[in-house]
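Only one structure is covered here, and it is reproduced in the block below.
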Amino acid sequence: MPDQRLNYVSGEWTASNTDETFETTDPANPDEVIATYPQSDAEDTERAIEAANEASDEWAETPGPERGRILTAAGSLLDQRTDELTELLVREEGKTWSEAGGEVQRAIDIFHYFGSKASDLGGTVKSSSARDTNLYTTVEPLGVAGLITPWNYPIAIPAWKIAPALAAGNTVVIKPATLAPGVVHEMAEALDEAGLPDGVLNVVTGPGSEVGSTIAGHEAVDAVSFTGSTAVGNTVYDTATEDGKRVQLEMGGKNPTIVSDSADVEQAADIVANGAFGVTGQACTAASRAIVHEDVYDEFVDAVVDRAAAIDHGHGLDDPGMGPHVSESELESTLEYVEIAQDEGATLEYGGSELDREGYYVEPAVFSDVDTEMRLAQEEVFGPVLAVIPVSDFDEAIYVANDVDYGLSASVVTDDHTEANRFVEEIEAGVVKINEKTTGLELHVPFGGMKDSSSETYREQGDAGLDFYTISKTVYDN
Ligand code: NAD
C-alpha cells in the first residue's frame, strides 16, 4: 500500500479540496507506486498563502535565537532519519544510495548552518563623525516567501530555500516538484516536531501551472524563489514581477570543462566523467561540454570513453555507478538528443542506448567531433551525454566555453597558472572551478549563475543566501 500523503497547511496535514491525487513511482521499477499526493488547485494554494500571511507577524517578531533553535532541532531530527530519507529519495527520484545519502546530509547541514545564523542578523557600526550617534543596521524579513523547486535535488534545494527564509523570519509556502515531493514532507514533519508554529511553513503539491503559478502571482506573497528550467523560470519571473515581488531564479546550465594541453589527461578524464555522468547527468551543474585542446583530444576521448564504459547500472538501493533517469519523458528527451546529435554530424563514440531492462536506464553517451554551433553544444540535455569539442588554443577554448546562453558552472583542467587565472577572469559563470568537476557545491559560499542560468541579482547559500529573504534598515540614533 503506497503512502497517502497530504498538504501541510496551518500546521495540519490536509487533503486537497479537489479530492484528486497523483502518484509517484520508482524510476527503476515504474510499476511500483511509492506514494500518492494531493493534486491541489489554486484554491488550496490560496489557503496555504493565507495561512503563511496570518503567521507572518508573529514569526517575524520571534527572536532570532528561537527561530534558530527550531531550525537546528529540525536538522537533528532529520539526522536521526537519514536512512529513511535516503531510501525515500532513491525510490522517488532514482539517485544511487551514495548520491542520495550525500544530498540528505547536505540538507541536514543546511538546517544547522542557517539555524546558527538566525541569531546573528544585523550589526553595530561606529559612526565616522558623531560620538553621540549610535549607528546600526537591523535586518527584517520580507513577509511570505513562495518557493518553487525542481525534482533533481528534491531535498537539498528546498532546504537551501526553506532554512534561510525561516531563519530570517519569513513564513513560507513551498510547492515541491511533482516527481519527488516526499522528502519535503519529511522536512515539514521534522520542523513541526521541532516546534515550528502553525502556518509558518506550508507545503502544497500539484501541477506547476496551477499551484506554482498561483504562488508566483498572489498579492500576499512578497518574494518568490524558483529553481528549475529556464523556460518555466522566465514565466515565473514575468508573473511575479507584475506586482513588484522580489524574485530569485536559478535555472539551467550548459557547463563546460576546458582541458588544456598542459593537463594530465587521465586526471581530466576523471574530472569530466564525474561531472558529466554523476546523478545520471541530471544536475544543473553537470559537465555537458568538454572543450579539449587538439594535441590531447584523441587521448582524452579514449580515456573518457573508458570511464563511461566502466559505469554499472542498477537500482539506487544497490548503490551502482549510475541510477535511472527520473521519468520516461526525461529518458525520451535524452534519447532524442542522442539522435539529434548524430543527425547533426557528431560522432557517437560510446553509449546513448536505452538499457534492455526494467526502468528508465540509458548508457552514458560520449560524442566527439562536436561543433559549438550544434544543438548538442548549445541546449541543456539533462542526461548523461557529453559533447567533446576540439579547439586549437586557449583563446578558442574560452570563446567556445562562453558561446552559450547559459553561465552556471565552469571548470578548467590545466597545469598552467596563467591559464587558470585567465579562466577565472574571462569565464562567464557564477561557479568557477580549477582542476575540479563542475558539479558539487559547498553550502557556506554563494551559489548562482550568469546569463540565462540565473536572475543574477541574489545568490543562494552562504551569507548571501540570507540577503534574498531580508531587507535592512540603517539606524542613526542620536
Ligand atoms: P521545471 O522548470 O519543469 O519545474 C520546476 C518547478 O516549477 C516544478 O516544481 C514545477 O512543477 C514548477 N512549474 C512548472 N510550471 C510552472 C508554472 N507555469 N508556474 C510556476 N511553477 C511551475 O524543472 P524540473 O524539470 O523540475 O528541473 C530540471 C531543471 O531545473 C533543469 O533545467 C535544471 O538545470 C534546473 N535546475 C537548476 C538548478 C540551479 O540551481 N540553477 C538546480 C537544479 C535544477
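Note that these values count all heavy atoms, side chains included, but never hydrogens, waters or copies made by symmetry. Computed from a prediction, not measured in an experiment: that's the story for all the values here. Both ligands and their constituent atoms are indexed starting at 1 by order of listing.
Given atom 12 (C) of ligand 1, the protein heavy atom at minimum distance is Ile148 CG2, 3.7 Å. The nearest heavy-atom contact from the protein to atom 3 (O) of ligand 1 is Ser229 OG, 4.0 Å. Summary of contacts: the protein heavy atom closest to atom 10 (C) of ligand 1 is Lys175 CE, 3.9 Å. Looking only at heavy atoms of the protein, atom 9 (O) of ligand 1 is closest to Thr149 O, 2.7 Å. In this structure, the protein non-hydrogen atom closest to atom 28 (C) of ligand 1 is Phe382 CE2, 3.6 Å. The nearest heavy-atom contact from the protein to atom 15 (N) of ligand 1 is Val232 CG1, 3.6 Å. For atom 24 (P) of ligand 1, the closest heavy atom belonging to the protein is Trp151 NE1, 3.4 Å. For atom 5 (C) of ligand 1, the closest non-hydrogen atom of the protein is Thr227 O, 3.7 Å.
Each of the following atoms of ligand 1 lies closer than 4.0 Å to a heavy atom of Val236: 19 (N), 20 (C). Short contacts between ligand 1 and Ile157, defined as distances under 4.0 Å to a heavy atom of the residue, involve ligand atoms 42 (C), 43 (C). Those atoms of ligand 1 that come under 4.0 Å of a heavy atom in Phe226, given as number and element, are 2 (O), 5 (C), 6 (C), 7 (O). Of all atoms in ligand 1, numbered sequentially from 1 with element shown, those under 4.0 Å from a heavy atom of Ser213 are 19 (N), 20 (C). For ligand 1 and Phe447, the ligand atoms under 4.0 Å from any heavy atom of the residue are 40 (O).
The residue among Gly208, Gly206, Pro176 with a heavy atom at the shortest distance from atom 13 (N) of ligand 1 is Gly208. Of the listed options Cys284, Ser409, Ala286, Cys284 places a heavy atom closest to atom 36 (N) of ligand 1. Relative to atom 20 (C) of ligand 1, the option among Gly212, Gly146, Ala283 with the closest non-hydrogen atom is Gly212.
The 12-atom threshold is exceeded at CD of Glu32, counting heavy atoms of other residues, nucleotides or ligands nearer than 6.0 Å. Other residues, nucleotides and ligands place no more than 12 heavy atoms under 6.0 Å from the CD atom of Glu12.
Ligand 1 lies out of reach of Thr230, whose nearest heavy atom is not under 4.0 Å from it. Residue Tyr153 places no heavy atom under 4.0 Å from ligand 1. At least one heavy atom of Ala177 sits less than 4.0 Å from an atom of ligand 1.
Looking at Asn152 against ligand 1, only its side chain comes within 4.0 Å, counting heavy atoms. Residue-level proximity to ligand 1 for Met251 is carried by the backbone, the only part with a heavy atom below 4.0 angstrom. With a 4.0 Å cut-off on non-hydrogen atoms, Thr285 does not touch ligand 1 at all.
Under a 4.0 Å N-O distance rule, the pair Glu460/Lys161 qualifies as a salt bridge. A salt bridge is absent between Asp79 and Arg81: the closest approach of a Lys/Arg side-chain nitrogen to an acidic carboxylate oxygen does not fall below 4.0 angstrom.
Between Pro384 and His325, the shortest heavy-atom contact is CD-NE2, 3.8 Å. Taking all atoms of both residues into account, the shortest heavy-atom contact from Thr227 to Pro150 is O-CD, 3.2 Å.
Between Thr149 and Pro154, every side-chain heavy-atom pair lies at or beyond the 4.5 Å cut-off. You'll find the side chain of Asp26 stays beyond 4.5 Å of the side chain of Val90, heavy atoms only. By the 4.5 Å heavy-atom criterion applied to side chains, Leu147 and Val173 are not counted as neighbours. Contact of the Val236 side chain with the Ile215 side chain is not registered, since no non-hydrogen atoms from C-beta on lie closer than 4.5 Å. No side-chain heavy atom of Val326 sits under 4.5 Å from any side-chain heavy atom of Asn152.
Side chains of Tyr37 and Asn7: no donor on one and acceptor on the other come within 3.5 Å.
Taking any N or O of Glu380, backbone or side chain, at least one lies under 3.5 Å from an N or O belonging to ligand 1.
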- Item | Audit row: Trp160, Tyr153, ring-ring contact (aromatic ring centres under 6.0 Å, His included) steps and yes/no | CA-CA 11 Å; Trp160 83 47; Tyr153 283 98; 7.4 Å; no

